[in-house]
A.B. asks: 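Pasting a structure below so you can have a look.
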There are 2 protein chains.
Amino acid sequence: MNVTGHTRKLSGTAPSIRDVAAAAEVSYQTVSRVINGHPSVKPSTRERVLAAIEELGFRRSATAHALASGRSRSVTVLTANTTHYGYAAILQGIEEEARRAAYSLGIAVLESADESAVRAVVRRAADTGGGLVVIAYDPAGVAALRAVPAGLPVVGVVETPASPPGGDRPWVWTDDRVAAEEATRHLLSLGHETVHYVAIPSSTRRTAPRTAGWRAALREAGAPEPRPLQGGWGPAGGHAAGRRLAGDPAVTAILCGNDDLALGVLRALREAGRDIPGEVSVAGFDDAPSSAYLTPSLTTVRLDFAGLGRAAFGLLHDVVEESARVAPHPVSVPELIVRESSGPPSARPARR
Amino acid sequence: MNVTGHTRKLSGTAPSIRDVAAAAEVSYQTVSRVINGHPSVKPSTRERVLAAIEELGFRRSATAHALASGRSRSVTVLTANTTHYGYAAILQGIEEEARRAAYSLGIAVLESADESAVRAVVRRAADTGGGLVVIAYDPAGVAALRAVPAGLPVVGVVETPASPPGGDRPWVWTDDRVAAEEATRHLLSLGHETVHYVAIPSSTRRTAPRTAGWRAALREAGAPEPRPLQGGWGPAGGHAAGRRLAGDPAVTAILCGNDDLALGVLRALREAGRDIPGEVSVAGFDDAPSSAYLTPSLTTVRLDFAGLGRAAFGLLHDVVEESARVAPHPVSVPELIVRESSGPPSARPARR
DNA sequence: CTGAAAGCGCTTACAG
DNA sequence: CTGAAAGCGCTTACAG
């Protein structure tokens, strides 16, 4: 037996379980047992193997493990965007939990909602062999969730669980509808005759939950129901919508589909010389980190996106590990944060 | 020969090259040649194989390919953060190029700058077998870049190329020093006696490029050099720093290490009743998407982070593909964007 | 408790 | 131009 055998290893290649086996003088199958925590290994043998692993700096090849075992301890997030606050925060939550569970994290961006483009991205993501989390807040995400082949472990982060787009796949959500109702009621309770709405894009052609909640609250109060304006995702869209609203003296309260939109609306209102909240109240959605520092600071609805991401990963983990305890779909509670941008309508009659 | 052989495939498992080979009546090695675009395959054979691939819906296993070939067409980004504007935009740039090159994208977050924690993250990232991009804008990132074992394909996104932390590894950067000089000169040219600075954290213990550029511009103009204040990354830190500055009537111009910091400073100044830019001018760094919509809109320096990310991936791609054309280190040019938050100092003497 | 065999789905020389 | 063999680094039954 060549006692120096395991020492003359070329420095170029990483040590394999065979190298470890040689060093520990056992078969490589036993090495496999040790690194997998298999119970039936004699303690003294385990020690020797562990020592050899330590000495050689052995690391099990993730790809060989994946190929042989058929599972990969990885999760890839399918999303149309990585920078908007909500998306980024969900991603962050998923990442935190994935790291804790020692899963690797992949990102696949859905650049288009086009059927075949979406299928291509989903296929490639599925090729990794790991689990999938798809953020279905927009048409591309919804299409992706639908395109995931049955049998693959997947959980959706969806806008609304009423007929979730992925069929009976597991999902997590926040109750945006109720959140929008709350925000709208807050504005109405201040004395505004009605509340205008600047909407974010909907994930489907159906009425989005935030829009539905806003409308429900208006209806409940018997307030007029103005047509919602489409704002897109960013401040530019909010600015454009705000410009149109700023011209109408009857407008005294505006709810926005997210804080970025509200930022644009705020700017347009100021440009038009309207005081906030003196003449017009504005509320946003999401409570982005900067919203508390705007002037005026923004009244908004805080949504726990990071928690949502953590829950999504937790659910996925349950699914792939097939542990009996399938976590209940967690619903985080939105919280209204009242700040400086909302207040009672001005005393002077603003209506026509 | 069983002509129905390839049809009775169980629907549970994905087809392998052997299934395709059987269907096309060739050896599986030939299938391998076809999917790898190997030239020496008779056209008619290629046709048959392609048809079989199409019919069976064959997809080459990424993990088997990685194991057998030793390369994985993947990149993982090591970063301390995924949500701050600069980091997120770099990530987005990397993602765009990775997608174009059909590389899969992984993220590994450095939760701490602790030596052993960083090593663990780097090891796990290296286990994927793909290339690495590390964002070395902070101590954790710098430590990670340094911890990457020699021989692995890696590129760093660094703060400054003067003695880059990763030794002679390839890197990309933006010239933050010059950018800070420009911004400071702009403020001085408006007539301010000097410019105060609220800093972002440095990647090392040495003077950060932005701080150095600010100081150089001051020196060049013979202006007093106030001590920089540490602001952290977010608006809360900017707010705290702004509060201290707001109390000093001698302060008429403030440069901030990023736009989030500037947002907090703006807020603190307003709370102290100081007019912007009437009494105090403020400038930021980065040109985040919301900065143009603040009131006042923010004078800032635009940095092409997405371009930086694209360049980083491009360089990495060159490295792993070993194509002779090693891209030159691309340097994007920062651009000063003058908006409403900066202006000449007020006529009334603000000094002691 | 531990080894020898077969296999995961590919690629890479090596023959012909 | 195409096939048969060996191997990538592991895991999974199967024996003993």
Side-chain angles (χ1 to χ4, degrees), chain A residues 1 6 9-10 12-50 52-53 56-74 123 126-130, chain B residues 1 6 9-10 12-50 52-53 56-74 123 126-130:
Chain A
M1 171 177 37
H6 64 275
K9 188 109 215 358
L10 294 170
T13 39
S16 74
I17 56 171
R18 293 179 210 260
D19 299 313
V20 173
E25 297 179 313
V26 296
S27 71
Y28 60 83
Q29 288 88 343
T30 294
V31 176
S32 175
R33 286 189 191 94
V34 170
I35 61 187
N36 287 301
H38 199 94
S40 59
V41 178
K42 186 158 58 167
S44 63
T45 308
R46 179 188 309 279
E47 289 311 310
R48 277 214 316 278
V49 171
L50 256 19
I53 286 175
L56 300 183
F58 166 81
R59 309 223 74 221
R60 171 227 260 161
S61 157
T63 97
H65 173 261
L67 180 59
S69 73
R71 51 193 147 191
S72 74
R73 293 189 80 72
S74 74
R123 263 204 304 263
D127 283 350
T128 65
Chain B
M1 170 178 43
H6 64 274
K9 185 112 215 0
L10 294 169
T13 39
S16 74
I17 56 171
R18 295 179 209 262
D19 299 314
V20 173
E25 297 178 314
V26 295
S27 71
Y28 60 83
Q29 288 88 341
T30 295
V31 175
S32 177
R33 287 191 190 93
V34 170
I35 62 186
N36 288 301
H38 198 95
S40 59
V41 176
K42 184 158 60 165
S44 63
T45 307
R46 180 188 310 280
E47 290 309 311
R48 276 214 315 277
V49 171
L50 257 19
I53 285 175
L56 299 183
F58 166 80
R59 309 223 75 218
R60 171 227 261 161
S61 157
T63 98
H65 173 260
L67 180 59
S69 73
R71 51 193 149 191
S72 75
R73 293 189 81 72
S74 75
R123 263 204 304 266
D127 284 348
T128 65

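Remember, it's a predicted structure, so these values are computed and weren't measured experimentally. Residue numbers begin at 1 in each chain, while the letters A, B, ... track the order of the sequences.
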A.B. asks: Taking all heavy atoms of A:A52 and all of A:A23, pick out the closest pair and write down the distance.
C.D. replies: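 So the two residues come closest at CB-CB, 3.9 Å.
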A.B. asks: With heavy-atom distances below 4.5 Å as the criterion, would you say the side chains of A:R33 and A:V49 are in contact?
C.D. replies: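 No. Closest side-chain heavy atoms not under 4.5 Å.
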A.B. asks: Students often get this wrong, so: under 4.0 angstrom with heavy atoms, is A:R60 touching a base, only sugar-phosphate, or nothing?
C.D. replies: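 Sugar-phosphate, backbone atoms only, no base.
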A.B. asks: Taking all atoms of both residues into account, what is the closest heavy-atom pair of A:H38 and A:R46, and its distance?
C.D. replies: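 Smallest heavy-atom distance, with atoms named: O-NH2, 3.4 Å.
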A.B. asks: Tell me, please, the opening and closing nucleotides of DNA chain C, 5' to 3', among those with an atom under 4.0 angstrom from a non-hydrogen atom of chain A.
C.D. replies: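 Going 5' to 3' along DNA chain C, contacts run C:dC1 to C:dG9.
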A.B. asks: Extract the stems that DNA chain C is part of, considering only consecutive pairing runs of at least three Watson-Crick or G-U wobble pairs, both distances under 3.5 Å.
C.D. replies: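 The stems are C:1-3 with D:14-16, C:5-12 with D:5-12, C:14-16 with D:1-3.
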A.B. asks: Can you check whether B:I17 reaches B:I35 side chain to side chain, under 4.5 Å on heavy atoms?
C.D. replies: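 Yes, their side chains come closer than 4.5 Å.
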A.B. asks: Tell me the closest heavy-atom pair linking A:F58 and A:P15, and the distance in Å.
C.D. replies: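 The pair with the smallest heavy-atom distance is CD1-O, 3.3 Å.
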A.B. asks: With heavy atoms under 4.0 Å as the rule, sort A:T30 into base, sugar-phosphate or nothing.
C.D. replies: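 The answer is sugar-phosphate, as A:T30 gets under 4.0 Å only of primed atoms, P, OP1 or OP2.
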A.B. asks: Do A:V26 and A:V34 come within less than 4.5 Å of each other through their side chains, counting heavy atoms only?
C.D. replies: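 Contact flag for A:V26/A:V34 side chains = no.
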A.B. asks: Contact class for A:S40 vs. all strands (heavy atom < 4.0 Å): base, sugar-phosphate, or nothing?
C.D. replies: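 The answer is base, as A:S40 lies within the cut-off (heavy atoms under 4.0 Å) of a base atom.
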A.B. asks: Please give me every residue in residues 42-50 of chain A whose heavy atoms get under 4.0 Å of an atom in DNA chain C, ordered by residue number.
C.D. replies: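 Within residues 42-50 of chain A, the residues near DNA chain C are A:K42, A:T45.
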A.B. asks: So which heavy atom on A:R60 is nearest to which on A:H65, and how close?
C.D. replies: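 Answer, listing the atom of A:R60 first, then A:H65: CZ-CD2, 3.3 Å.
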A.B. asks: Which sits closer to the 5' end of DNA chain D, B:Q29 or A:I17, going by the nucleotide each is nearest to?
C.D. replies: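 It is B:Q29 whose nearest nucleotide is closer to the 5' end.
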A.B. asks: Here's a test for you: under side-chain contact (heavy atoms from CB on, under 4.5 Å), which of B:T128, B:L67, B:D127 qualifies with A:T63?
C.D. replies: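 Only one of B:T128, B:L67, B:D127 forms a side-chain contact (heavy atoms from CB on, under 4.5 Å) with A:T63, namely B:L67.
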A.B. asks: Between A:N36 and B:R33, which is nearer to the 5' end of DNA chain D once each is assigned its nearest nucleotide?
C.D. replies: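 The residue whose closest nucleotide sits nearer the 5' end is B:R33.
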